[in-house]
Amino acid sequence: MKDCITSKERCFSSFGEKCLLHLVCLSFMFTTFDFFVLFWSLRVIILCCTFFYFSFNLASCGYIVQKGCIFLFSLFCCILSLYSIHFLLIISTLILLPRVPFRYFVDVNLFYFIITVLLLLPLSRIGLIQNYTFIIKTGEMRDFYCFTNPNRFGSFLYAFVVFLSLFFTVKRKLLISYCIVFGSSFFIYFRTGCRTAFIALIFQFVVFLVFRVFFVRRKHCYKLLHFFMIPEHFFRFILSLSGILLIIFSFALSLYFSTGIMLFVDLLIGRGVYLYEVVKSYSFINLFLGYRLNAELPLDNSYIYILCTTNIFVYIIFSIFIYRSFKNCSAQFFVCYAPFIAAFLVYGITESLLGYYSYIALVFYFMLLKSMRGEL
């Protein structure tokens, strides 16, 4: 899989790809500050670069044809639904940055995160960005800077923690990485009241401990945990089918959120009633033509969001992408990076950010791409 890019395919230079990565990160930074003109200008540049890339590869075949078909298909979906522009941008970014090393990707994103954090307070003080204040679940009033709700601020801090922990993970300093994950989960919850980020980080920490026991220290604890030993391919199988399993779970949660075990799940994450309003009006034709979302009705589920804003074919591509990423991944990937992927998948149950062009979506898909290419 490392040789996915054929010799006939002309890509941007390594320097060009790195410059494009900086543009992507700048667009995310301007999105955080809600500088509408700036972040959409950069997104238009990214799309233009993608068309420029294809114009130089019209005579190529094989892999470039596959990417072209996916890109054109996502463009067609955007005509049907403006919400799917996010899917188009995600596909564009993955096409433009295939050779960027994962370590460099993490370093650049973390750099822009630090710059964003350092600019939040002074920009809010001088009035360039609006400062919002909310009462969180603990009853305390907190400043949320330019973030329009506590969950959005929690998502920003969650993404920051992800890149910070990935910074140490790529250096194989897993103890430091997961101390950051565990400690920051409580900080984010008490600072923002965001349950989703808290659950995702705790889940990531637990998955990491489980994988360390089963895949790294297997020989040391085999006698003690003999009847608990689960084959590695079982975890691969579950994670590879997560795209299908999670859309089924999401529909079940939306339809049966007030009964049985789903009632307990809904009490924990609190999304069932909103999803029900969307699902009950979702028809068979929407599988192919998409669904017109109500801007006033929150749709906090990535899997239903992707299906509604695009169509069933895009969701199938999404599921195949996850399946191929886990099909032949290494044991090292499982221990180091699969906990991140698992946490993102859990995060997607209660937030729609895996369907948005965002920090979280980009690192999720980029990590899957690198796994599929055998580079993690």
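Remember, predicted model here, so these are calculated numbers, not experimental data.
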Is it the case that the side chain of Ser325 and the backbone of Leu368 share a donor-acceptor pair, with hydrogens and angles ignored and the cut-off at 3.5 Å?
yes
Mind checking whether Tyr303 and Phe318 have parallel, tilted or perpendicular rings, split at 30° and 60°?
tilted
Do Val363 and Phe344 make a side-chain contact, defined as non-hydrogen atoms from C-beta onward lying under 4.5 Å apart?
yes
Minimal non-hydrogen separation, Val100 against Lys370, with atom names
O-NZ, 2.8 Å
Quick check: is Ile312 connected to Ile90 through a chain of hydrophobic side chains (ILVMFWY, heavy atoms under 4.5 Å apart)?
yes
Looking only at side chains, do Thr116 and Thr32 share a donor and an acceptor under 3.5 Å apart?
no
I'd like to know if the side chain of Ser358 reaches the main chain of Leu353, judged simply by a donor and an acceptor atom lying under 3.5 Å from each other, with no hydrogens or angles considered.
yes
If the test is side chain to side chain contact (heavy atoms under 4.5 Å, CB included), which one of Leu23, Leu88, Leu20, Leu362 qualifies with Thr93?
Leu362
Do any N or O atoms from the side chain of His86 and from the backbone of Gly355 form a donor-acceptor pair under 3.5 angstrom?
no
Flag side-chain contact, heavy atom, 4.5 Å: Ile360 against Tyr158:
yes
Going by atom types alone, do Ser352 and Asp300 pair a side-chain donor with an acceptor below 3.5 Å?
no
Centre of Phe167's six-membered ring, under 6.0 Å away, within 45 degrees of the axis: is that where NZ or CZ of Lys171 sits?
yes
Do the ring planes of Phe30 and Phe35 sit parallel (below 30°), tilted (30 to 60°) or perpendicular (above 60°)?
tilted
Check for a donor-acceptor pair, side chain of Ser124 on one end and backbone N or O of Leu120 on the other, with a separation under 3.5 Å.
yes
Hey, any chance Leu175 and Ile202 share a hydrophobic cluster, counting ILVMFWY side chains that come within less than 4.5 Å of each other, even indirectly?
no
Parallel, tilted or perpendicular for Phe366 and Phe102, by the 30°/60° rule?
parallel
As a test of understanding, state which of Phe113, Phe111, Tyr112 forms a ring pair (Phe, Tyr, Trp, His ring centres under 6.0 Å) with Phe160.
Phe113
Looking at Tyr359, Phe33, Phe147, Phe28, which one forms a ring pair (Phe, Tyr, Trp, His ring centres under 6.0 Å) with Phe156?
Phe147
Is any side-chain heavy atom of Val108 less than 4.5 Å from a side-chain heavy atom of Cys25?
yes
Are the side chain of Glu17 and the backbone of Arg99 linked by a donor-acceptor contact shorter than 3.5 Å?
yes
Within this structure, what is the CG-CZ distance for the pair Leu110 and Phe105, rounded to the nearest 0.5 Å?
11.5 Å
Side-chain contact test, heavy atoms from C-beta onward, threshold under 4.5 Å: evaluate it for Tyr189 versus Cys194 and give yes or no.
no
